[in-house]
Amino acid sequence: MPKCDQDNPSIALSANESRHTLLGETIQPQAQKHTNLSGIRALANPHDAFAARALLIQLAEKTLDIQYYIWRKDITGMLLLEALHEAAERGVRVRLLLDDNGTRNLDKELSALDSHPNIKARLFNPFHIRHPKWFGFITHFSRANRRMHNKLFIADNQMAIVGGRNIGDEYFGATESLLFADLDVAAIGEVVPHVSADFDRYWSSPAVSPINTVIPRAKLDLDTLRHTASNIQINPAAELYVAAMSESDLIRELLEGELKFDWRAVSMLSDDPAKGLGLAKPSSLISHQLEQVIGQPNQQVTLISPYFVPTKAGAQVFVEMVKRGIKVRILTNSLAATNIVAVHGGYAKHRRELLAGGVELFEMRRGKQSKIKPKKLGPFGSSATSLHAKTFAIDSQRVFVGSFNFDPRSTHLNTELGFIIDSPPLAKTIEQYFDQDIPANAYQVELNKQNQLVWVEHQTNTQILTHHQEPSASLWRRIRSKFWSILPIEWLL
C-alpha cells in the first residue's frame, strides 16, 4: 500500500503538482486555450451526478478534497466511502470534511476510514455527546444550530463539483421513495484553485475538529467496510441502480473522449467559516457577496429554491423589483412536495404579499417514482418527488448554482458555497424551464377575484384544474404548516 505525502495535510495540491496528474494532463491543454475562464458542465441527471463523483475518485492520483453537509449510510453513500478507501490504498491523500449533523450512524465507518494513513476525516461543529446527538442542541444551542451546508468535491486540484446535492440515495436517483430534483456543476480551469483554497480555509477553521478527537477509535476495521460495500453491490436495489448508472451519457462521453465543457467567467462565492461560530463579519458572508457580484437586475429574475422563506424584508425587495418593471418568477416546493413542513409554513405567510405585488409564484407538485429510471424534467433531469436545486438566473445572462437557499438559515446561520456563472445559454435554459416545463410539473399560485389563494394545475394542454386549498396535502400537513407559520421562529428556518 503506497503512502501519500502527509507533510502538509492541510494544503491543497500545488498547481505544479496537479498539472502532472492524469486529470491535469487532460484538462490543462483545454484550460490554456481559455485563459481566465472556467469550463462548466451541468450535472442535472442524478445518475450522471453520481457517476461524475465515482469517476473522479477512480481517476484521482494525488488528492481528493471532499466537503458535505449530509452523507447517508445507504447505497450511494457506502459505495463512495469504499471508493475513497480504494483511492487511499492507491496512495491518494483523502481529506473528508463533513457537517456532524449529517453523519447519522456513520461514526464507526468514519473512524475506520480515519485510521487509514492516507485518509483524514474532520467534523464541522461536532456533537461531543454522540448518543443522542440532539442533546447538543440543548447544551450548546448557539453553536449546534450553525451548520456547514457547503457541498464540494475536488480531485487533484483540477476538477471540482459544486451544487445542491448531498451524498445519499435520494440525491442520485437510487431510491423509489423520496427523490430530489437537483443541480450540480462540474468545473475545470481558472475557478478550481479558488475552490481548493476555500476548502483549505474550512479544513483549518476553529469550527472544525479531527474526528479522532470526537469519536473513540472504532473497532470496525477497513476490511469490514469493504465487505459491507461488496454486499451492497449485490443487493437487488443496488444492481438496478448500477445498471441505470451505466447508461449515463457522462460515462459514454468520458469513455469516448467526447466530454465537453462550456467555457465561461465563473466567480466562487463562499461564507467565512467563522460564521459557524457566529464570528464572521457581514462583508465576508455570501449574501453580501451576491449583491457585490450580481448588482441590480434590470429585466428579470428567475429563482428556484426548495426552502424559500423570503421574510417580510425579502418579500418587499421582490415586490419593489416588480414595481421597477422587473419580471420575477419563483419556484419552490408545494406543501405536498416539501420534506420540511415548518419551512413551508415560513414561506406560506408571505405568498399573498408576493402575489399582490406582481411576483409569479410556482410550487412544484409531488411526483411519483415507481422505477429507478430518471425521466427528463427541464434542467434538473429527473421526475422527482421534491425540489432540492438552488439556482437563479438574472437578466438572461448570469446564473447562480450552489447550496444557498433564500431563507434566514442560509443568510444568517449556515455556511454556504456557490458559483456565479456568466452564461446566457444556461440562464436561458432555466428561464425556458418556466415557460415549457413548469406547467406540467408545478402549480401556479394566484389570487382570484375574491382575493383568495388558488392553485392552478395544468393537467393537459387544454385541461386546467383549480384548487382552493393546498393541493395533494393532507389535513394534518395543512394544520402543521399553519401552526409553524404563526410561531416566531422565522429566523431559524
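We're numbering straight along the sequence, starting at 1.
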Legend entry - Note, R146 side chain near L277 side chain (heavy atom, < 4.5 Å): no
Legend entry - Near-ring test F419/F400, centroid separation under 6.0 angstrom: no
Inset, instruction - In plain terms, say whether E363 and R351 are close enough for a salt bridge, that is, a side-chain N and a carboxylate O under 4.0 Å apart. - result: yes
Legend entry - Student check: side-chain heavy atoms of Q67 and K151 closer than 4.5 Å: no
Legend entry - H47 ring center within less than 6.0 Å of F172 ring center: no
Inset, instruction - Kindly indicate, with the supporting measurements, whether the criterion salt bridge (Lys or Arg N to Asp or Glu O under 4.0 Å) is fulfilled by K390 and D407. - result: CA-CA 11 Å; K390 306 108 168 46; D407 61 17; over 6 Å; no
Inset, instruction - Compute the centroid of each ring, for F406 and then for F392, and state whether the two points are separated by less than 6.0 Å. - result: yes
Legend entry - Greater than 12 external heavy atoms within 6.0 Å of H140's NE2: no
Inset, instruction - Flag the pair K275 and E416 as a salt bridge only when some basic side-chain nitrogen lies within less than 4.0 angstrom of an acidic carboxylate oxygen. - result: no
Inset, instruction - With R365 as the cation and Y443 as the aromatic partner, state whether NZ or CZ is under 6.0 Å from the six-membered ring centre and within 45° of the axis. - result: yes
Legend entry - Member of R409, R147, H149 meeting the side-chain hydrogen bond (donor to acceptor under 3.5 Å, both in side chains) criterion with N414: R409
Legend entry - Close side-chain approach of S267 to H194, heavy-atom, < 4.5 Å: no
Legend entry - K349/E490 salt bridge by N-O under 4.0 Å criterion: yes
Legend entry - Note, D114 side chain near K120 side chain (heavy atom, < 4.5 Å): yes
